[in-house]
Amino acid sequence: MDFFARQAAARGQSRWLVIAFILSLLAVALALDLVLFTFLASARAHRPEIDPLAFAAQNPGLAFLSTLLVMGVLGLASLYKSMELRGGGGVVARSLGGVLVDTDTRDSKRKRLLNVVSEMAIASGVPMPEVYVLEQESAINAFAAGHTPANAAVTVTQGALDRLNRDQLQGVIGHEFSHILNGDMRLNLQLMGWVFGLFVVGLIGRLILDFSPRDRRNNNNAIVVLGLAVMVLGYVGLFFGRLLQAAVSRQRERLADASGVQFTRNPQGLKDALIKIAAMPDGSVLMTPQAEQAAHMFFAEGLNRAFATHPPLLERIRELDPKFDESEIARVAAQMSAESPEVADVGARDFAGTRDYAGAAGGMPLAEGAAGFAPRAASRAAAVGGTAAGAAFASISALTGTLTPSHIQHAQTLYAALPDTIRDFQSPGRAQALVVALLLSKEPAVRQRQFALLEQKLSAGNVAFVQQVVPVVDAIDPMLRLPALQHVFPSLRRVPVAQRRALAGLAADLIHADARIDAFEFSLAKLLETLLNDELEARVPHGTVSLDGAQEEINVLFATLAQLGAQDEHGARTAYEAGMTVVLPMRYPEYTALSDWPRQLSEALPRLERLEPLAKKRLMDGLVKTITTDEVMTEAESELLRTVCALLHCPLPPLLGGP
C-alpha cells in the first residue's frame, strides 16, 4: 500500500471512528439521561414516582436541558483534551516525564539517537521532530506523537538507549517514522481526546459520591445512587473507548512494522529489538502512571492489561522472520543478564559531525549519483538523459511518504555534509539567523539593500550575528539549503508565536528586496510559512476536493513549473500539456504564461492542499511528467517540486540521480 492509499485508508478509518465515538457518546448520554430522569422524578416527594421516560415526556424542557448538560460535559471534556494536545507531540512526551535532548549533548547514546532521527527526517522529507528521552524508564519502548510532521516528537526510553545497538535503534525509529508518515499520530491524538471525555464522566460520578452527605435522616440516598450510576456509566464507556483504542492500535502497529522494514530494508534490526523486549524481565512496560493515556501509541505494550494495544511479540517477530526459533529469546536473555546495560554499540557513524570536509565553512561537494540531481541554476548544459530521467521519476508518487535504504544512506551523506556550525544552530536565535542568511541574495547590490532592511528591523547585535552566519551559508551546496532549514525547525518551534510571525514578515521583506522572487526564495518562504502554520494550527493534512474541483489552481501550478523549467514558450507549452494530460485528460485549460507566478501560486496552493489523497497522487505523477518532458531537471524545478510536495503534505525524499 503506497502513501496515498495509506492516507486515504487513515481518513476512512477516522470517519468510522468518529461515527463509532458519536454513537458511543449517544449511548452513554441516553443512559445518563435515564439516570437523571429517575433521580429527578424520585426527588419530587410531593408527586408519586413515575417512569423516567414518562417524566421526560411530561417535562420536555427539563429533559432537553439535562441531555444538553450531559452532551456538553462529554463534548467539552473531549474538546479540552484535544486543545491541550494541539501543542504537538512534545506535550505528550512531557506529560510522561520526557526530557528534551539537546543537540549539544555530550552523551554518546543521545548523540546517536539524534543522528538516527536526523537521518530519517532528511530521508523522508519531513522536518526534524523534537526528540525526548524517558530517563526513568528502564524498559525498551518508544512512541511518536503529534498532529502533523511539523509538530511531531519522537520519544524513547532510557532502556532503549542502553540496550539497543544502532541497527536496532534504527529499526525502532523507522517504525515510529512510519507512524508519522501513515497519518497514525493524528488518529492517536484524536483517540486520546475522545476517551478523555468518557473518563471525565466517571470522574464526575466519583466526585458526587465523595461529596454527597452520608446522613440517612436527610434522605440523601438518591444522590449516592446518582453518583454511583454516573461513575459506573462513565467507566464502562471508558472501558469500551479503550477497547476501541486497542483495536485501532493493533492494526496500525502491524502496518508500522511492515513500513519500518520497508524503510530500512533491515528486518534484523527491528526483529532483534523485539527479541530483546521479549527477553527482558521488564520488557516494554513503563512505570509512569500517565502511560495509560498513551498506551496505544507505544512501540510495544506499555502496560500489563487485559486488552492488548499491540499484536503479541512472537507474532510480530514471526511476521518479520517466519523461521524464528523461540529458543533464541532464552539465549538473548542469558546474554543480556551477563552484560551491563551499557553495551549498546555506538559506531563511528554517530560522530559524523566531527568529520572534516573541504571548504572553510565545512561544505562538501556532493558525489555524483549520491547527492541528488546536480543543480543548474544558470546553466542547463549538464542534463539527465531521457531514459534516466524517465526511470528516475516514473514512480515518484510511489516514493512520496516513504523511503528506501538508498534514501537513508543519502540522508547520512547530506547530514554529514551540513557544516558543523549549522548542525549546532539549535538555539532559537541561531535558527532565526540561519533563516535570514538563507534568504540573502548573492548579488552585492541586492544584499546591500537587504542588510539596510535588517538594520531597520533588527538590533545591531542581531545584524552582526547574521553577518557571522553568512559565510557559512554561502559555502554550503545549494542542495543542502532546504535540509538545513528542516534540521533547525525544532528550534524555530521554541520561538514565541509573535516572534515567529515577525520572522515570516521579515522573510517576505527580504524576498521582495530585489523586486523579483526566484524559486528558492519562494520555496523557503512557503516552507517556513507552512511549517509554522501546521505547527500552530494542527491542520488536517488532506481534504475532499477532487481534481475537477481544482482545475484553475492545477492550471496555475503546472504553468508555473513549465514556465520555470523551459527555455522558451514552446517548450513551456509542451511540458505543460504533457503533465496536464495525466491529471486532467481532455479537459485542461489552455497554457498561458503567468505574469506573477509567485502570487498566483501562493493563492492556488491552499485549494490544492484540500485535494483528497488519491487526487494528490495523480497530481504528483503529472508534475513529474511536466518536469521530465525536456529530459532535464533544473535546480528551480527540483526545489519547487519538493516544496510543493511538502505544502500538500506529501513528503518527498531527496531525489536520487545519476546517469
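In what follows, residues are counted from 1 in the order of the sequence shown. No hydrogens, no waters, no symmetry mates; every other heavy atom, side chains included, goes into these values. Here the structure is a predicted model, which is why all the values come from computation and not from measurement.
The closest donor-acceptor contact from the side chain of Glu137 to the backbone of Met287 lies under 3.5 Å. Looking only at distances, no side-chain donor or acceptor of Arg430 sits under 3.5 Å from a matching main-chain atom of Val469. No donor-acceptor pair under 3.5 Å is formed between the side chain of Gln335 and the backbone N or O of Arg331.
Looking only at side-chain heavy atoms (C-beta outward), Thr288 and Gln136 stay at 4.5 Å or farther from each other. Taking the side chain as every heavy atom from C-beta outward, Gln432 and Gln499 approach each other to under 4.5 Å. Side chains of Asp102 and Leu114 form no contact here, defined as non-hydrogen atoms less than 4.5 Å apart. Contact check for Leu480 versus Leu418: side-chain heavy atoms found under the 4.5 Å cut-off. Contact check for Val466 versus Asn462: no side-chain heavy atoms found under the 4.5 Å cut-off.
Contact detail for Asp272 and Gln168: the closest heavy-atom pair is CB-NE2, 3.4 Å. Counting all heavy atoms, side chain and backbone alike, Phe299 lies closest to His175 at CD1-CD2, 3.5 Å. Ser523 and Thr643 make their closest contact through CB-OG1, 3.0 Å (heavy atoms, listed as atom of the first residue, atom of the second, distance). In terms of heavy-atom proximity, Ile329 sits nearest to Ala279 at O-CB, 3.6 Å. Nearest heavy atoms, Asn141 versus Ser284: ND2-O, 2.7 Å. Closest approach of Phe143 to Ala93, counting heavy atoms only: CZ-CA, 3.9 Å.
The line from CG of Leu414 to OG of Ser118 is 12.0 Å long, rounded to the nearest 0.5 Å. Between atom CD1 of residue Ile317 and atom CG of residue Leu313 there is a gap of 5.5 Å, rounded to the nearest 0.5 Å. Atom CZ of residue Arg94 and atom CG of residue Leu96 lie 12.0 Å apart, to the nearest 0.5 angstrom. Here the straight-line distance linking atom OH of Tyr415 with atom CD1 of Ile122 works out to 7.5 Å at 0.5 Å rounding. Atoms CZ and CZ, on Arg112 and Arg166 in that order, are 8.5 Å from each other to the nearest 0.5 Å. For the atom pair Met120 CE and Met128 CE, the distance stands at 12.0 Å (nearest 0.5 Å).
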Kindly indicate, with the supporting measurements, whether the criterion side-chain contact (heavy atoms from CB on, under 4.5 Å) is fulfilled by Leu164 and Lys276. CA-CA 8 Å; Leu164 302 182; Lys276 283 191 173 181; 4.0 Å; yes
Step by step, would you call Leu134 with Leu286 a side-chain contact (heavy atoms from CB on, under 4.5 Å)? CA-CA 10 Å; Leu134 300 178; Leu286 274 63; 3.7 Å; yes
Would Leu503 and Leu492 count as a side-chain contact (heavy atoms from CB on, under 4.5 Å) here? Give the steps. CA-CA 10 Å; Leu503 176 62; Leu492 294 176; 4.1 Å; yes
Run the numbers on Gln158 and Arg110 for side-chain contact (heavy atoms from CB on, under 4.5 Å), then give the verdict. CA-CA 9 Å; Gln158 187 64 43; Arg110 296 192 181 197; 3.6 Å; yes
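Screening Val285, Val156, Ile277, Asp162 for a side-chain contact (heavy atoms from CB on, under 4.5 Å) involving Ile140 leaves a single residue, Ile277. If you run side-chain contact (heavy atoms from CB on, under 4.5 Å) between Lys111 and each of Asn115, Leu113, Asp107, only Asn115 comes through.
Partners of Thr157 by side-chain hydrogen bond (donor to acceptor under 3.5 Å, both in side chains), not counting sequence neighbours: none found. For Glu130, the salt bridge (Lys or Arg N to Asp or Glu O under 4.0 Å) partners two or more places apart in sequence, or in a different chain, are Arg493. Every residue two or more places apart in sequence or in another chain that forms a side-chain contact (heavy atoms from CB on, under 4.5 Å) with Gln467 is listed here: Phe451, Val463, Ala464.
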